[in-house]
Amino acid sequence: MMRRFSLLVRRDLRLAQRQGLDSLMVVMFFVIAVVLFPFGVGPEPGILARIAAGVIWVAALLSTMLSLERLFLTDYEDGSLELLALSPVTLEVLVLAKVIAHWLTTGLPLIIAAPLLAVLLNMDADGFWVLIGALALGTPTLSLLGAVGAALILGSRRGGVLLSLLILPLFIPVLIFGVSAVDSAIGGYAIKAQFLILGGLFVFALPLCPWAAAAGIRQSLE
Amino acid sequence: MNTISSFLDMGGYAAFVWPSFGLSAVLLIGIFVISVRTLKANHATLDALNNEAERASPSEGPAQGET
Amino acid sequence: MAMIERFANPNRFLTLTRPLVPWLGGLTLLSLGAGLYLGLFQAPADYQQGESVRIMYVHVPAAWMAMFCYTSMAISAAVGLIWKHPLADVAGKATAPVGAVFTFLALATGSLWGKPMWGTWWVWDARLTSMLILFFLYIGYMALSNAFDNPQRGAKAAAILALVGFINVPIIKFSVDWWNTLHQPASVIRMDGPSIHPSMLWPLLLMAIGYTLFYLWVLIIRMDADVTAGKIRALRQRRVHG
Amino acid sequence: MTLFTGSDLTCVRGERTVFRGLSFELDAGGLLVLVGPNGSGKSSLLRLMAGLLLPAHGAIRWQDADTRDDPETHNGRLHYVGHHDAIKPVLTVTENLRFWAEMHGGNAGANNRVAEALKGFGISYLSDVPARFLSAGQSRRTSLARILSSPAPLWLLDEPTTALDKEAVAALESIIAQHRAAGGMAVISTHTPISGDGAETLDLTPFAQAAHDFEDGSAAA
């Protein structure tokens, strides 16, 4: 079981690496989305520092959303998804493998790029590590929830936009606690509660999303 | 609340109370009317299709109309 | 689940529920009429909010129905997915627009009610914000169920979304409440007044009952229309395949 | 006790009843060829056998165990070749095949099983070529080579001969013959005749017609 799990993760990583563009595109979108804000809100450091955590989190959310549509779509179109559903391993495990591969190609690069953008937005220094920690705990949940949306839109007429409409409401709890973790760290308050809740959201999404995504995939193959 | 005009005035909040009730009425009646209209339209099309199927091949399948 | 069930079952459901429709209609109008009469004429004004408290009689029932419809969508989704009951998906798809209308009404009347108190049309109050997110969940459900050529495929996909969404509603509610207390604006007058005066309770209950009956009334009509549309598609498809 | 049976199957896809009351039996070494006009449900029946699609009525059994009870084990017993070739253009032919060989049959001896499979379909020379350069026929052979890349008693092939030249069809026929001789079994839906001694043919037309008659009756009710 684990061997086939890592087999699929390795294949997806090799595909992403061969295609190359994916994670680079996502990080570029993330950077551009954040850099736009000073032009909109004005360069005044005080304002930027105040909204830095929120801007970075919202941009991370949208960047994750960008790459989710193709999570199952390429496999669905070339027939691999059918064969994955027919492999001697439960589909839920394979969905989890796809989510981890997705997180490694999008979530991780975002976490690496985030502190750089925090500097651009003049975020207070002691918010950096908390930002990385919160993103590290939040982005897997985003990938898990996004996988459900990606599975549900297979075979639909309007994929991309529909996916964001379905999934964004479910992202809101992660956004709220992710930003509040960073803000209260900057404000010097305790951040244990936020991290516990972010962890809780992740543990909650871990079993629910592969089940729902697998059910969605099975329906798309009917 | 004896005179009509003071009732309609709603203690100065007329501009909020009546639009709320009005909007509720409009939307609820609206969705009801739309639903009934689609129901009637679907039944009409089904009857038309059934009659057409009957005329086209009266021998095929039992001939009975839509209730 | 026997094959015959796929077609006969909806017909059995329709023959059972069709005669109900006029009764349901009558009861709805009766309870709404009584509720409106009591709410507008008999019930006292609120000493703080004055007459504007009467908006409560359309706002609170709409908010209840918004949640009630989403719950019934989640239940019919579960029944449809677990027992593969064909009518469950029909019920879910028929409920969604009605639920969306109730949610929109709750938002609109909430903002109309809030304007005189807070001076702005929209306040990021915890309940209104949760209602707004619920509205997006409805729109997502309806968009997904219509995004497929095959309506049944859409209904099934939307059912999974309704289930996942329903499980997330308490989490969203909890996080929005937390978020709201974090950024607590100075004074927020409670939406439904300091305490419900008994004479205010009756119209509220009657309106809530009226709204629920209205939902059931429109639900049966919409399900009947959807089953008939299914038959039309089947007839047309059979013509294609000869 | 026949190995692989389907009893009184009814298949519904979307809102259309594709066929009703269909039964089949297949034993070790057997070959079942599905024939019938387009839309009579050949592909649907193959997907039912594979477990991608669940029957609205009736059941498919492997040694009287319903295949729905333990889908993973059933998946381990079969290879399904559908209309799509399931090949990643960025990966080479060997990488594509080794992935499916390991996914289906585990790592043990995957490399030489893949080499055997390529030889079987005469495309060893393509082994290191990225799949995006393959022609339709070559991708089809690569996709078919997957069934040799790891052992499975039941082969479900949906129109395997599309885009294959005569020589490839001959290769496929001999491979199926060897598979049957070794106790394997195959179900093939095809329009071009496939030779195989002792092959049974299942014509789906009557079952598709039964579905229409049923739909006439109930739709008008």
Side-chain angles (χ1 to χ4, degrees), chain A residues 54 141 144-181 183-184 187 189 193-194 197-198 200-205 207-222, chain C residues 70 74 77-78 80-82 84 89 96 100 103 124 126 129-184:
Chain A
T141 315
L144 280 164
L145 288 168
V148 178
L152 290 179
I153 60 165
L154 288 175
S156 74
R157 287 192 289 269
R158 297 177 298 277
V161 176
L162 182 62
L163 174 66
S164 39
L165 178 65
L166 304 186
I167 287 306
L168 280 179
L170 305 181
F171 277 1
I172 287 172
V174 175
L175 176 63
I176 288 174
F177 290 107
V179 174
S180 112
D183 281 345
S184 47
Y189 303 105
Q194 285 88 344
I197 293 170
L198 278 174
L201 290 174
F202 173 66
V203 166
F204 165 77
L208 168 76
C209 297
W211 168 79
I217 290 172
R218 284 194 192 93
Q219 266 169 28
S220 72
L221 295 174
E222 261 178 18
Chain C
Y70 200 75
L81 286 171
I82 296 166
K84 301 276 188 296
D89 294 336
T103 319
W124 289 94
T129 316
S130 305
M131 198 57 70
L132 183 64
I133 299 173
L134 185 61
F135 187 65
F136 286 130
L137 288 176
Y138 272 111
I139 301 295
Y141 179 95
M142 291 191 285
L144 185 61
S145 65
N146 295 317
F148 294 89
D149 305 330
N150 164 8
Q152 208 150 25
R153 167 84 177 85
K156 284 260 181 279
I160 295 180
L161 181 70
L163 271 181
V164 172
F166 184 71
I167 296 173
N168 276 285
V169 158
I171 296 172
I172 292 173
K173 188 88 183 64
F174 167 73
S175 28
V176 167
D177 289 346
W178 166 296
W179 166 80
N180 189 268
T181 49
L182 216 60
H183 309 278
Q184 179 60 51

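Quick note on labels: first sequence line is chain A, next is B, and so on, each numbered from 1. Both backbone and side-chain heavy atoms feed into the values below; hydrogens, waters and symmetry mates do not.
- Within residues 129-136 of chain C, the residues having any heavy atom closer than 4.5 Å to a heavy atom of chain A are C:I133, C:F136, listed by residue number.
- Across A:L208, A:L168, A:L154, the residue that shares the most heavy-atom pairs under 4.5 angstrom with chain C is A:L154.
- Contact of C:N146 with chain A is made through the backbone alone, with heavy-atom distances under 4.5 Å.
- A:L162 touches chain C through its side chain: at least one heavy atom from C-beta onward sits under 4.5 Å away, while N, CA, C and O do not.
- Contact tally against chain A (heavy-atom pairs below 4.5 Å) for C:L163, C:L161, C:V176: the top residue is C:L161.
- For the pair A:L144 and A:F202, the minimum side-chain heavy-atom distance is below 4.5 Å.
- The structure places CG of A:L221 at 9.5 Å from CZ of A:R218, a figure rounded to the nearest 0.5 Å.
- The shortest non-hydrogen separation linking A:A213 to A:A147 is CB-O, 3.9 Å.
- Only the side chain of A:L201 comes within contact range of chain C, judged by heavy atoms closer than 4.5 Å.
- Taking every heavy atom of both residues into account, A:A205 and A:P210 meet most closely at O-CD, 3.7 Å.
- Ranked by heavy-atom pairs under 4.5 Å with chain C, the list A:L145, A:I176, A:I172 is led by A:I176.
- Contacts between A:L163 and chain C at a heavy-atom distance below 4.5 Å are absent for every atom of the residue.
- Heavy atoms closer than 4.5 Å to chain C are found in both the backbone and the side chain of A:S220.
- The candidate from C:L144, C:I172, C:L137, C:V164 with the greatest count of non-hydrogen atom pairs under 4.5 Å with chain A is C:L144.
- Nearest approach of C:A157 to C:F148, heavy atoms of both residues: CB-CE1, 3.9 Å.
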C:W179 and A:F177: CA distance, side-chain angles, deciding distance, ring pair (Phe, Tyr, Trp, His ring centres under 6.0 Å) verdict: CA-CA 8 Å; C:W179 166 80; A:F177 290 107; over 10 Å; no
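- A distance of 8.5 Å separates OH in C:Y70 from CZ in C:F166, rounded to the nearest 0.5 Å.
- The nearest pair of heavy atoms linking A:A193 to C:W178 is CB-CH2, 3.9 Å.
- Using modelled atom types, no side-chain atom of C:Y141 and backbone atom of A:L166 make a donor-acceptor pair closer than 3.5 Å.
- Side-chain atoms of C:D89 do not come within 3.5 Å of backbone N or O of C:A159 as any donor-acceptor pair.
- Between the CD atom of A:E222 and the CZ atom of C:R153 there is a distance of 8.5 Å, given to the nearest 0.5 Å.
- When the candidates A:C209, A:G149, A:S180 are compared by the number of heavy-atom contacts under 4.5 Å with chain C, A:S180 comes out ahead.
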